[in-house]
Participant: 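I have a structure I would like to understand better, so I am pasting it below and will then ask my questions one at a time.
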There are 2 protein chains.
Amino acid sequence: MPRDAAATRAKLLSAARDEFAEHGVGGARVERIAKRAGVNKERIYGHFGNKEALFEAVMVDALAEHTNGIGLPSGDIAEYAGRLYEFHRKNPQLLRLLMWESLHYGEDAELPGRENRRALYTEKVGALAGLLGTRADRRTTSLMMVLIGLAAWPSTLPQLNRLISDVSEEPTSGEDLDTAVRDTIVEVVRKATADWSDGGPDGGGGPGGDGPGGDGRPEGS
Amino acid sequence: MPRDAAATRAKLLSAARDEFAEHGVGGARVERIAKRAGVNKERIYGHFGNKEALFEAVMVDALAEHTNGIGLPSGDIAEYAGRLYEFHRKNPQLLRLLMWESLHYGEDAELPGRENRRALYTEKVGALAGLLGTRADRRTTSLMMVLIGLAAWPSTLPQLNRLISDVSEEPTSGEDLDTAVRDTIVEVVRKATADWSDGGPDGGGGPGGDGPGGDGRPEGS
DNA sequence: CTTATACAACCAACCTTTCGGTTGGCAACT
DNA sequence: AGTTGCCAACCGAAAGGTTGGTTGTATAAG
């Protein structure tokens with residue numbers, strides 16, 4: 001077996017990603033990561049310094065990969081949300097990493113790779129604004145947030161959301177459920193964005209002006 | 001100081017809730033919990049058995065409290081979502097506990113207090129179906145899930161969502177942001193539920209029948 | 001009313017295991 | 001020959017959980 005520092009590093013990164021996704025920063029075991037990678041524990045310290053730094057490297061790596069896999073919002077926004085939903089459903093690892101990260105760092109802490117991530121969202125919000133024919137204002141960023149949340153939520157607290165699904169009066173297989181949720185997300189986004197540029201924050205009868213107990217029919221049909 | 005088992009138990013439960021919300025099951029320190037409660041560590045084992053059982057007790061306790069605080073969906077559904085958003089925004093502890101729980105237990109594990117929680121969601125979905133004039137079918141449970149997700153998401157990954165918000169071209173204070181997000185959520189829910197009972201899964205041109213590249217204008221209008 | 005007895009709440013100190021991180025030496029490529 | 005990737009063995013700290021014993025409280029006999 002030839003020596004190959006880059007390959008060792010890559011193996012460690014991949015093993016660490018699995019381990020961190022499963023157990024988080026505190027729960028991950030350095031020894032397990034080394035064993036998964038088939039590499040000595042000390043190599044982790046040689047390559048990355050310590051466990052925390054390894055976690056940050058994993059995050060940067062995973063986010064870069066995700067960015068290349070999912071493009072910017074394009075075409076039909078609702079279908080974009082549907083695609084996003086499917087991605088997280090099939091590949092929950094990234095979401096788990098994000099959750100661990102969010103819980104691990106304090107509310108006001110600096111996230112690893114902050115500037116890169118910010119730039120990425122700038123692009124995404126810009127693309128969304130382009131599709132909607134609006135500017136990248138607060139309302140559009142909020143919508144972006146809502147879009148991502150809609151798509152990611154069912155995979156974020158999967159047990160809880162399965163609990164909710166079990167309530168249905170219809171007997172439901174996993175497959176059915178998946179498409180039902182997907183369809184609902186697409187439907188909600190479609191309706192919400194249908195006439196988005198008309199309903200700005202200062203538009204007549206806009207959001208927040210209706211108050212509790214309103215009839216739920218904004219912007220007159 | 002008189003001896004009072006119930007009071008000791010309550011102090012432990014409260015201290016444990018804080019500790020678990022901050023650090024999760026694995027990261028919580030039994031000694032710290034005891035110190036926070038001003039009680040000897042051993043009392044935890046006397047009252048609850050072990051750390052995991054203490055966590056389950058905390059979850060049941062916290063969920064019961066939340067249930068009493070937030071009622072069933074009623075009145076305007078969109079405003080209900082807005083209220084839910086505000087609750088999680090001001091009181092992120094429960095959401096953090098749910099995230100730790102979700103990450104801690106495997107995808108297929110049994111959640112503590114499962115049956116109680118299920119019953120609670122049955123009520124909620126029932127109330128939602130009543131407001132919408134539909135049955136508690138898959139589509140309604142999916143909507144319930146989406147509603148909760150919408151309201152909870154910004155508080156679930158707060159750092160990430162603040163990153164998205166920072167992208168806005170408008171200068172934004174924390175206060176502004178909060179109301180902008182809230183307004184967006186209310187608006188999205190209002191539009192999505194406006195003619196919910198018309199757009200069922202088998203209705204003409206319903207969700208999922210439009211395919212990618214659709215024009216984003218559902219159901220005629 | 002006092003005292004003896006049983007039991008529950010409580011605590012300080014301890015034990016065992018585990019874990020993140022380090023060290024000294026070996027082997028391979030330049 | 002020297003530099004670098006690599007590893008087995010080791011170390012100190014900390015954590016979950018246990019134990020033996022003490023103090024408060026309720027009950028019932030004297």
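Lettering of chains follows the sequences in order, A, B, ..., and the numbering in each one begins at 1.
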Participant: Not counting sequence neighbours, which residues clear side chain to side chain donor-acceptor pair (under 3.5 Å) with R36(A)? List them please.
Facilitator: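 R36(A): side chain to side chain donor-acceptor pair (under 3.5 Å) contacts with E19(A), E22(A).
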Participant: The criterion is side chain to side chain donor-acceptor pair (under 3.5 Å); which residues satisfy it with H104(A), sequence neighbours excluded?
Facilitator: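 For H104(A) the side chain to side chain donor-acceptor pair (under 3.5 Å) partners, ignoring immediate neighbours, are E52(A).
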Participant: Just call it for A28(B): base, sugar-phosphate, or nothing, with non-hydrogen atoms closer than 4.0 Å on any strand.
Facilitator: sugar-phosphate
Participant: Please, which pairs that meet ring pair (Phe, Tyr, Trp, His ring centres under 6.0 Å) have at least one residue in residues 170-191 of chain B, sequence neighbours excluded?
Facilitator: none
Participant: Please enumerate all residues that pass salt bridge (charged side-chain N to carboxylate O under 4.0 Å, His left out) together with E170(A), with sequence neighbours excluded.
Facilitator: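 Salt bridge (charged side-chain N to carboxylate O under 4.0 Å, His left out) list for E170(A), sorted by chain: empty.
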Participant: Pull out every protein N or O sitting under 3.5 Å from an N or O of nucleotides 15-18 of chain C, one pair per line with the distance.
Facilitator:
none

Participant: Residues from residues 38-58 of chain A sitting under 4.0 Å of DNA chain D, heavy atoms only?
Facilitator: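 Within this stretch, V39(A), N40(A), E42(A), R43(A), H47(A) sit under 4.0 Å of the strand.
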Participant: Apply salt bridge (charged side-chain N to carboxylate O under 4.0 Å, His left out) to E110(A) and list each qualifying residue two or more places apart in sequence or on a separate chain.
Facilitator: R114(A)
Participant: For Y80(B), give me all partners under ring-ring contact (aromatic ring centres under 6.0 Å, His included), at least two apart in sequence or on another chain.
Facilitator: none
Participant: Rounding to an integer number of Å, can you tell me how far K35(A) NZ sits from dG20(C) P?
Facilitator: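 About 13 Å, once rounded to whole Å.
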Participant: Going by the side chain to side chain donor-acceptor pair (under 3.5 Å) test, which pairs reach into residues 146-157 of chain A, not counting sequence neighbours?
Facilitator: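 Pairs touching residues 146-157 of chain A that pass the test: W153(A)-N161(A).
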Participant: Spell out, as yes or no, whether a donor-acceptor pair under 3.5 Å connects the side chain of K51(A) to the backbone of A28(A).
Facilitator: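 Yes: the side chain of K51(A) pairs with the backbone of A28(A).
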